**Student:** 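What follows is a single structure, and I will ask about it in a moment.
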Amino acid sequence: MLPETASQRIKELSDKINYYNDQYYQHDTSVISDYEFDMLLEELIKLEKEFPQFRTPDSPTQRVGGTITKVFQTVEHKYPMLSLSNTYSEQEIAEFDTRVRKALPEVKVEYVCELKYDGVAISVVYENGILTRAVTRGDGIRGDDVTNNVKTIKTLPLKINAPDIPAYFEVRGEVFLPLDVFEKINKEREDIGEPPLANPRNAASGTLKMQDSSIVARRKLDCYIYSLLCDNSPIQNHCDALQLLKKWGFNVPTSYIKAHSLAEINEYIKHWELERFKLPLGTDGIVIKVNSYKQQDMLGMTAKSPRWAIAYKYKAESASTILESIEYQVGRTGAITPVANLKPVQLAGTRVKRASLHNANEIQRLDLRLGDTVFVEKGGEIIPKVTGVDLSKRPPHTEPIKFIDRCPECGSMLIRKEGEANHYCPNEKGCPVQIK
Ligand code: IVH
């Protein structure tokens, strides 16, 4: 881009963004969608990076509350961020219980069962009651300092007003994008022909790593807290920690229980298997933790995960239905995304009538035919995917699906670049969807 053009575009973008910000913050009016706003701001950030001579001190990218972080600093965790070992069956949970009881003979063992929230792990440091730092998990030893972005999360207290708080403590939790916000973003993307974001976890993680915290603030991230770490802890068990955290103003979900037997753990698993789909975020399992800190210490840990906790993961829900047609969407960049239109089917608590197919390779790999009975699955993704075909139900005389060769919007011949999975419409300047 020529410097004059860049300078003009920077001015244009700044004026627009200032106007939309004013409408949004002062008049509570969203003139444009969050997604369109993000796009404008990101374009401005990019241009200013390329042409720093045109960045003005009052550019909306420099706004108070919109701190720009160029590179996230890597910081070491005071307490390493461990991971959990996973199980997929009641049998494995029984084995976990046996291991725990064997290591703790002659003592009563109490567990806490919680949901396993599907977001991005975060560690938040408080010094003298003030939120001073928020760090991603990273490799467990070191993570990225994303304090400015995390501070935009409304449910995370910036200051704690309570007597006797430890001078230094950390809380651990899961940052997530509420499902309704995620769906809204995807609806907006779909309206303008952009491929949808794969799942809320990626969306949350991408948002946390954004450079401008004013965009992050608009994304409405939330955070559930599930543990408290400090030296000389004022409490003796995990359950008391959850209650204390709640009292201090943290967003601690109320879905946890104390369990004293395998039967109670299994009941919790069954209860949440379908109930979890009513929650505002994705959950992919439950976590079982030994309640007493003393017992946790006695059990210790393996190289990566504690011996006092384990995750139980639910199997991905799947259903079978009929593939009625394939629709081709043209994205802003001209990329063509095939989408399967399905006979509506109930899956993981929602009615599914569309599933993503990604690209031509995927259609070929699955050897899809119209009228096929297909399996759809909802894993971590919100948009279900077609995972296979029930060949025993294939109707006679079907033909493999032929990927379109012309753009459904403007009729141009599609191209497929060497080594790329996607087809593209090359008509950047004339294709109505690309122009829009
Ligand atoms: S406790 C040492 N509790 O799962 C155990 N983790 O694989 C520390 N997660 O990185 C984690 N929900 O991001 C714990 N209720 C919960 C959780 C939870 C989700 C995530 C967390 C962690 C990963 C462990």
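If you're wondering where the values come from, they're calculated on a predicted model, not measured in any experiment. Only heavy atoms go into these numbers, but all of them, side chains included; no hydrogens, no water, no symmetry mates. For ligands, and for the atoms within them, numbers begin at 1 and follow the listed sequence.
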**Student:** At less than 4.0 angstrom from any non-hydrogen atom of A121, what atoms of ligand 1 do you find?
**Tutor:** 10 (O), 13 (O)

**Student:** Counting non-hydrogen protein atoms only, what is the nearest one to atom 12 (N) of ligand 1? Give residue, atom name and distance.
**Tutor:** Y117 N, 3.1 Å

**Student:** Got a second to check how far T87's OG1 is from I286's CD1, nearest 0.5 Å?
**Tutor:** 8.0 Å

**Student:** Once the angle between the rings of H423 and F403 is folded into 0 to 90°, is it parallel (under 30°), tilted (30 to 60°) or perpendicular (over 60°)?
**Tutor:** parallel

**Student:** Between P306 and ligand 1, which residue portion shows a heavy-atom distance shorter than 4.0 Å: side chain, backbone, both, or neither?
**Tutor:** side chain

**Student:** Among protein heavy atoms, which sits nearest to atom 7 (O) of ligand 1, and what does the distance come to when rounded to 0.1 Å?
**Tutor:** L84 N, 3.0 Å

**Student:** Taking distance alone, with N or O pairs closer than 3.5 Å, would you say V287 contacts ligand 1?
**Tutor:** no

**Student:** Just need the protein heavy atom nearest to atom 23 (C) of ligand 1, so name the residue and atom and give the distance.
**Tutor:** K116 NZ, 4.2 Å

**Student:** Return the minimal non-hydrogen interatomic distance between T207 and V216, and the atom names on each side.
**Tutor:** O-CG2, 3.4 Å

**Student:** Before signing off on this row, confirm whether L115 and ligand 1 have an N or O atom pair separated by under 3.5 Å.
**Tutor:** yes

**Student:** Looking at every heavy atom in both I235 and Y293, which two are closest together, and how far apart are they?
**Tutor:** O-CD1, 3.6 Å

**Student:** Can you name the closest pair of heavy atoms from I326 and I401 and give their distance?
**Tutor:** CD1-CD1, 3.3 Å

**Student:** Taking the six-membered ring for Trp and the full ring for Phe, Tyr or His, determine whether the centres of F250 and Y126 are under 6.0 Å apart.
**Tutor:** yes

**Student:** Could you identify the single nearest non-hydrogen protein atom to atom 8 (C) of ligand 1 and state the distance to 0.1 Å?
**Tutor:** L82 O, 4.2 Å

**Student:** With only distance considered, is E174 within less than 3.5 Å of ligand 1 through an N or O on each side?
**Tutor:** yes

**Student:** Looking at Y168, I'd like to know if the NZ or CZ of K78 sits under 6.0 Å from its six-membered ring centre while staying within 45 degrees of the ring's axis.
**Tutor:** yes

**Student:** Taking distance alone, with no angle check, do E114 and ligand 1 share an N/O pair under 3.5 Å?
**Tutor:** yes

**Student:** What part of Y226 sits under 4.0 Å from ligand 1 if we count only heavy atoms: the side chain, the backbone, both or neither?
**Tutor:** side chain

**Student:** Assess K289 for proximity to ligand 1: is some non-hydrogen atom of it under 4.0 Å away?
**Tutor:** yes

**Student:** Which heavy atom in V290 sits nearest to a heavy atom in V100, and how many Å separate them?
**Tutor:** CG2-CG1, 4.0 Å

